[in-house]
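Values below: every heavy atom of this structure, side chains too, minus hydrogens, waters and symmetry copies.
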Amino acid sequence: MNEDFVIEIKNVYVRYRDFDVLEDINLNVKGNDFLGIIGPNGGGKTTLLKTILGIIKPYKGEIKILGEEPQNARKFIGYVPQYVFFDMKFPITVWEVVLMGRLGRDKYFKKFTKEDMEIAEMSLKYVEMEKSKDKKIGELSGGERQRVFVARALASQPKILLLDEPMANVDSPREKEFYELLKKLKEKLTIILVSHDIGIISAYVDKIACLNRKIYYHDSKEILLQDLSAVYGCPVDIIAHGLPHRVLKEHD
């Protein structure tokens, strides 16, 4: 395996019942890459993240995370799912939510240490939510909650951060603030962000992949028109409107 890559996926297939959800996936991600993955609903984006996490096991192909099997490398990955289900009336504080990020460090039946507290505090400060640490999580706005969930993921001190449609429940005015946070995080982490909105993420990510069962990736922001047509199942015309991604015509 190549030491330059923190994630290496080779010829991976994932099947639900008799249907291939992911087909012949090949993807290499370098350290401190900020990769955006776009594609239609049901195209396998969440499945790919769960496969990287080792929650779903492919029936064919090979995955290495930091040179290890996904199940063994999970401790190095922070994960922010699309939906975090909890009772909004449950009296859990922001501080308690972020401390949960330390549970993966063999703390299931142990008390939190001074180091745990310091890391949780630092994670809250990094997402600029330390002043809300005593608030109930249900009292926060959608954007504030997402920052807290990112802080929880950071509390595990990951080397890789996976985010699944993080803006699904966030008001538009808060989107820019959130993506600016991710841009800052990119300085210390490898980030993979799943979204269906190329117009938003293209302003922030370093590279873009298109996924709909198969993946189309050129290790850059360049997107080929034939890739978009293959992913979305119909011809696609895009007007860039000054965004920094490039949509290229077909070429050999």
Side-chain angles (χ1 to χ4, degrees), residues 32 34-37 45-46 49-50 52-53 55 74-108 110-197 200-201 203-205:
N32 295 103
F34 189 174
L35 171 65
I37 300 179
K45 300 189 299 296
T46 297
L49 294 188
K50 290 183 177 180
I52 292 171
L53 280 164
I55 297 172
R74 197 179 298 165
K75 60 188 175 183
F76 301 118
I77 303 176
Y79 178 48
V80 180
Q82 181 175 357
Y83 299 106
V84 180
F85 296 101
F86 65 93
D87 186 347
M88 297 287 281
K89 296 181 180 179
F90 190 74
I92 188 170
T93 66
V94 167
W95 176 245
E96 290 165 334
V97 169
V98 176
L99 269 179
M100 288 180 181
R102 301 299 299 164
L103 291 177
R105 302 289 178 174
D106 302 320
K107 295 285 191 310
Y108 291 107
K110 299 178 183 178
K111 292 183 178 180
F112 291 109
T113 65
K114 180 181 179 181
E115 182 185 18
D116 292 327
M117 302 289 187
E118 290 175 349
I119 291 171
E121 186 79 36
M122 183 171 57
S123 299
L124 270 174
K125 287 181 179 179
Y126 205 85
V127 302
E128 300 178 352
M129 287 296 293
E130 70 274 16
K131 293 181 180 179
S132 300
K133 63 183 293 185
D134 296 322
K135 287 185 178 180
K136 302 293 189 296
I137 189 73
E139 296 173 354
L140 304 181
S141 68
E144 289 172 332
R145 282 198 299 273
Q146 284 299 77
R147 283 178 174 267
V148 173
F149 296 141
V150 170
R152 180 181 64 177
L154 293 179
S156 68
Q157 295 187 301
K159 296 181 179 180
I160 300 168
L161 181 63
L162 307 180
L163 302 109
D164 190 358
E165 298 278 8
M167 294 291 97
N169 296 304
V170 178
D171 295 336
S172 296
R174 295 290 182 180
E175 285 185 352
K176 183 177 179 181
E177 293 179 11
F178 187 80
Y179 285 118
E180 289 292 342
L181 167 63
L182 297 184
K183 190 175 180 180
K184 183 171 67 171
L185 286 174
K186 183 254 177 186
E187 297 173 4
K188 56 187 292 189
L189 295 170
T190 299
I191 302 176
I192 297 181
L193 168 67
V194 159
S195 179
H196 64 276
D197 191 343
I200 294 294
I201 69 170
Y204 296 94
V205 302

>> Measuring only between side-chain heavy atoms, which start at C-beta, is Leu163 closer than 4.5 Å to Phe149?
In response: no
> Does the pair Lys159 and Lys188 meet the rule for a side-chain contact (heavy atoms from CB on, under 4.5 Å), with working shown?
Replying inline: CA-CA 8 Å; Lys159 296 181 179 180; Lys188 56 187 292 189; over 6 Å; no
> Could you state the interatomic distance from NZ (Lys186) to CG (Leu193), rounded to the nearest 0.5 Å?
Replying inline: 14.0 Å
> Can a salt bridge be assigned to the pair Lys133 and Glu121 using a cut-off of 4.0 Å between side-chain N and carboxylate O?
Replying inline: yes
> If you take all heavy atoms of Ser156 and Ala153, which pair is closest and at what distance?
Replying inline: OG-O, 2.6 Å
> Do any N or O atoms from the side chain of Arg147 and from the backbone of Val127 form a donor-acceptor pair under 3.5 angstrom?
Replying inline: yes
>> side-chain contact (heavy atoms from CB on, under 4.5 Å) for Glu180 and Tyr204? Distances and angles first, verdict last.
In response: CA-CA 8 Å; Glu180 289 292 342; Tyr204 296 94; 3.5 Å; yes
>> Just verifying a value: how many Å separate Glu130 CD and Met122 CE, rounded to the nearest 0.5 Å?
In response: 13.0 Å
>> If you define the side chain from C-beta out and look only at heavy atoms, does anything of Ile137 sit under 4.5 Å from Phe90?
In response: no
>> Tell me if the NZ atom of Lys125 is crowded by more than 12 foreign heavy atoms within 6.0 Å.
In response: no
> Which heavy-atom pair separates Phe34 from Lys183 by the least distance, and what is that distance?
Replying inline: CE1-N, 4.3 Å
> Looking at Val98 and Ala120, what are the two nearest heavy atoms and their distance?
Replying inline: CG1-O, 3.8 Å
>> Counting C-beta onward and ignoring hydrogens, is there a side-chain heavy-atom pair between Glu165 and Lys45 closer than 4.5 Å?
In response: yes
> Between the main-chain N or O of Leu53 and the side-chain N or O of Arg74, is there a donor-acceptor pair closer than 3.5 Å?
Replying inline: yes
>> Whether the side chain of Ser141 engages the backbone of Glu144 through a donor-acceptor N/O pair (distance < 3.5 Å, no angle test) should be reported.
In response: yes
> Rounded to the nearest 0.5 Å, how far apart are CG of Asn32 and CG of Leu185?
Replying inline: 11.0 Å
> For Ala155 and Ile119, which heavy atoms make the closest approach, and how far apart are they?
Replying inline: O-CG2, 3.5 Å
>> Using the rule given for side chain to side chain donor-acceptor pair (under 3.5 Å), can you reason through Thr93 versus Asp134, listing the C-alpha separation, both sets of side-chain angles and the distance that settles it, and then say yes or no?
In response: CA-CA 6 Å; Thr93 66; Asp134 296 322; 5.9 Å; no
> Under a 4.5 Å cut-off applied to non-hydrogen side-chain atoms, are Ile52 and Ile77 in contact?
Replying inline: yes
> At their closest point, which heavy atom of Ala151 faces which heavy atom of Ser123, and how far apart are they?
Replying inline: O-CB, 3.5 Å
> Is there side-chain contact between Leu189 and Leu154, with at least one heavy-atom pair below 4.5 Å?
Replying inline: yes
> With side chains defined as the heavy atoms from C-beta onward, is the minimum distance between Ile191 and Val205 less than 4.5 Å?
Replying inline: no
>> To the closest 0.5 Å, what do you measure between CD1 (Ile55) and NZ (Lys50)?
In response: 6.5 Å
> Between atom CD1 of Ile37 and atom CG of Leu35, what is the distance when rounded to the nearest 0.5 Å?
Replying inline: 5.0 Å
> Does Tyr126 have Lys184 sitting over its ring (NZ/CZ under 6.0 Å from centre, angle to axis within 45°)?
Replying inline: yes
> When rounded to the nearest 0.5 angstrom, what distance separates CD1 in Ile192 from CG in Leu161?
Replying inline: 9.5 Å
> Taking the side chain as C-beta and beyond, is there a heavy-atom pair between Met117 and Leu99 under 4.5 Å?
Replying inline: yes
>> On a heavy-atom basis, which atom in Val148 and which in Leu140 lie closest, and how many Å separate them?
In response: CG2-CD1, 3.7 Å
